Structures are given as structure tokens and as C-alpha cells.
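Lettering follows sequence order; numbering is per chain, from 1. This structure is a prediction, so every number in the text was calculated from the model and none was measured.
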Protein chains: 2
Amino acid sequence: MTELSKEHIVNAHRAIGVIDSGVGGLTVVRELSRKLPRESIIYFGDTARMPYGPRSYEEVRGFVLQMIEFLQHQEIKMVVIACNSATAAGLSHYKQACNLPILGVIEPGVRAALAASRSGRIGVIGTVGTISSSEYEKALKKKNGNLHLASKACPLFVLLVENNLVDTPEARTVAHEYLDSLVNEGIDSLILGCTHYPLMSGLIQEVVGPSIKLINSAEEIATEVEEILSANRMVNPLESEEPRYRFFVSGSPGPFEEVGAKLLRRDIRAYQVALV
Amino acid sequence: MTELSKEHIVNAHRAIGVIDSGVGGLTVVRELSRKLPRESIIYFGDTARMPYGPRSYEEVRGFVLQMIEFLQHQEIKMVVIACNSATAAGLSHYKQACNLPILGVIEPGVRAALAASRSGRIGVIGTVGTISSSEYEKALKKKNGNLHLASKACPLFVLLVENNLVDTPEARTVAHEYLDSLVNEGIDSLILGCTHYPLMSGLIQEVVGPSIKLINSAEEIATEVEEILSANRMVNPLESEEPRYRFFVSGSPGPFEEVGAKLLRRDIRAYQVALV
């Protein structure tokens, strides 16, 4: 192994920046923490302005660029846009505005779905913004023109998760409303095209039945992050270090800390930052 | 030179944390940037809750501990309490609560005053909290029991600085009101016992006249920070690095950024963080 320079050590020791509209991106943090247990993370959840789904692409891009600016101010080595709506709104814009490696969530989800599906009948659910962007469909069709795709916007799902309402009868009613038509299309896999959805995957799986495989792109994202860090020689060089997780939110920290603690199985501390 | 471990490089590369009730501590940042141009700084100005002068020691201690907690979350290698009121309110409390080296502003000011005074007649001005704590007097008397000391609380000075009112006729009237009695005591040096006061040192010098030497402890603080970093082998090991300055405030960032840009002669970006 070649000797690392001091500059290289310091840069590679930096945290991975993770961005989401709220708590959904924590499902990506969970996978990152499993797959890359030595890597530190700085997270920004734009909880004051979520949900992103119904917003214009232009508005979402503006919000995301503010978060990227903040995370660069905090010193990071790469950016994960752990939000489908934000990715769909303009991954190429973010790449132009930031000189760090940036990874969105759509490509990884597409790869995972293609690996999982046997029949080539794939469903996609996401926010209104993500579904109407057709980014998943375009990416899937590009890889395989013969796929049968069925997609559905599920705007209430993010709100159910962010407001802790997943375990209610009305959530089940809403889930049937959204998902029954997809089941009737004969899909064998369903892309959870929103990082919030793994937080309600129990309900989704019950409603679509056990024969449909749910695709949570978080795992695939963690694999790609690992590849990007290796390719850029940016793996944390401190072998025995406890990872450092820092959380920032634009809204109230309390509800975010609660969801985060449950999801990551550790107490987390989030600070509220005003983005302007 | 011995080889540094990777852990050592990463730790020594961390920023110096600087805390103040508002913009006053920026005078310390300015000296740090002159004396230690390779060191990075993370600053917290509690602008939403300034001034600290009239507050109880207990309340100020609570605020300072919140800021220390935040800066530790940001990863720092030492803490400078760049605020006399905060130092007077309980430096020993902060040392107990934090396992990093902590430096207050009173001891450095005392040392600088003793070095500067020829007659042993020394004046001290500060906030109500600092002056009524008598911390300067105690520290000065401890070093030399024969000093003649005269002190005066100047509660309006912080407000003049924070509200950009230093160049007004009423500021001059107030300055005479506070300082004439000290001049009459025949002092030859005057400790600016508040990190805001260097921001109005032009007016203060005019009012007290050219024969009284103003003691700005910021220079002495920078010297001590340098000594602490050396003693702890915590000097930034990256020789050719541009320092990174990060600013956080509890109030509105705009006015802080304006004062900071003027003082540091560079544009600065401050983020508003809610401390709870």
C-alpha cells in the first residue's frame, strides 16, 4: 500500500453528505451505516419545506442547491441525493453546481429492479414529482425496451410517514387505493421510488401480497457509494474509528430525532438550521 | 520530525471553536487569523440572545454550554470563550463539561495589562456581568497586590456595536459619561474587558486621550491559543492549506455577515442555528 499524504488523509476522512426532503433519506443512512460502518455522515433533512413531491422542479432544485451549499460548508467528500423527487428534479444541475461526486437515487433503484424482476413486469411508486418526471421509466426503458412498466403517484405516503400515521386504518385504505391497480397489472417487483417508502414497507408488502418483491434502492445506493469512494480513493483511512453522524434539519428537530432514533437504533441529535 | 499517525493528523486538522454572545468575538478571530493563518475556525455567535452582560451567570453558563455542545458536534480541537461575560460567568464550569482545552479571555487580558502598565494604575471596562464579577480585579490583584484599579461597567457599548451606532453623537456622549471618571483616576492603561470594545476602540481612544494605552486582549489570546496548540501537538499539520472559517449564529445572519466582512476583510457566510 502506498503512503497517503496528509492532505489525502484529511480529505478522505471527511463525511458523506446526505440530502433529503425530510426523514426518508434516513433509510439510506441506515444502509450506509450497515455497508460502510466506518464512514461518517452529515445529513440535511429539509423538514420545514417537505413534501417535495408536489413542488415544481425549479423550486426543488433551488432547495437542493441550498442544502448542497450548506453541506459543502460543513466539509464533505461526496453528496448523496437521497430523495427521488430531488433527483428527478435535476441531478445534472447539482453536478454542475458542485465539484464533488454526486449520486442520485434513481439509477441505483433501476439497477436493483432489473436484477430482481423475472417477468419484466415492474411497478414504480413515488411522489407526484417523481412519477410525472418519468425518470424511472426512461431509465428502465433505456436498459431494456421490452419491459412492461406500471407506475403510480402516491402523494399521501410521505405525509403518512412524516406524521407517524402508517399504522392507522386510513393508511391501509389509502395504500389499497394506490396499489391495487398495480397488482392487477401483474407486476412481480415494485420499486419504492421514494426514500420514505421503506418506512412503510410492512404495510405496502401486506397490501400487494407476498409474491411481489419490493425494491428498496437504499442497499444499491450504499453499494454505489462504496464504489465511488473506492474509485476516488476516498475511503475513510482511519480503520478503527467510530463513525460520526451529524444531522441538520430546517424544521423542528424533535420529530426528526424520534424517527431517526427508531430507524438507526441510536439516539441522534439534530440541529435546526435556517436555509436562505 | 516524528511521523504523525493518521488519527493525529485528522485531530490536529480540526478547527478551533470560538464562542461569543454576538459579533465581539470576531475581534479574536481577526487576531487568530493574523497569528495562526493556517488554523481553521468554527465560530458561534449567540446573536439572538445577546447581550449577555445583564444576564445572570447561571443563564449565561447554560447558553455557553449549548454552544460548546454544538461546536463539539461540528468537531473542533479546542474552545476559545471569546466573551468576557461568558468567561466571568463560569470558565471552570465549561472546563468540567468539555474534554477539550478551553481558554477564556480574562487571564490573557490581565497579562497584557500588566505588561503594558508603567504606573500600576489600570482601568477595566466591561459589561455589568463582567465588572460585577470582579474577575479582572481578582486576577490583577493576585499577580500584584499594589495595583491601583478603577473599573466601570459600560452596558450600552455592546448595543452600540451590535446595532452599528458607534459613529453617532450619542455614542460619544455615552463614552464620555462612562470613561471620564476613569481618566480622572490617572490610569495609564485601560483593559477593554469585552470583545466588542475593540470594534469601537477609535472612539474610546479619542475620549480617554492618547496617553492611555488600550489593552485589547485578542492579541494575547492568539498567543495563548498558539501555545496550547503547540503543547497539545494540535497545530494544523497541513502546511499549505487555506484555513476554513465557518460561522453560525442564533439570530439573523445578515447583520453578522456585514460586521464580519468589514472586520475580517473577506466575505463570510453565516448560518442560523436554533439552540435548544
- Query: Just wondering, are more than 12 heavy atoms of other shown residues or ligands nearer than 6.0 Å to CG in A:Asp167?
  - Reply: no
- Would you name the heavy atoms of A:Pro237 and B:Lys6 that are closest together and state the gap between them? O-NZ, 3.0 Å
- Using non-hydrogen atoms and a 4.5 Å limit, figure out which bit of B:Leu275 sits close to chain A: side chain, backbone, both or neither. side chain
- Message: I'd like to check the ring pair (Phe, Tyr, Trp, His ring centres under 6.0 Å) partners of B:Tyr197; sequence neighbours left out, ordered by chain and number.
- Response: B:Phe157
- Proximal to chain B - members of residues 244-268 of chain A, heavy-atom separation under 4.5 Å: A:Arg244, A:Tyr245, A:Arg246, A:Phe247, A:Phe248
- Message: Counting only heavy atoms not in A:Asn232 (residues, nucleotides, ligands), do more than 12 fall under 6.0 Å from its CG?
- Response: yes
- Item | Contacts of B:Tyr271 that satisfy ring pair (Phe, Tyr, Trp, His ring centres under 6.0 Å) - sequence neighbours left out | A:Phe70, A:His73
- Would you mind reporting whether A:Glu7 and B:Glu241 have side-chain heavy atoms less than 4.5 Å apart? no
- Assess whether atom CD of A:Glu219 is packed by more than 12 heavy atoms of other residues, nucleotides or ligands within 6.0 Å. no
- For residues 9-17 of chain A against chain B, heavy atoms under 4.5 Å, the residues are A:Ile9, A:Val10, A:His13, A:Arg14
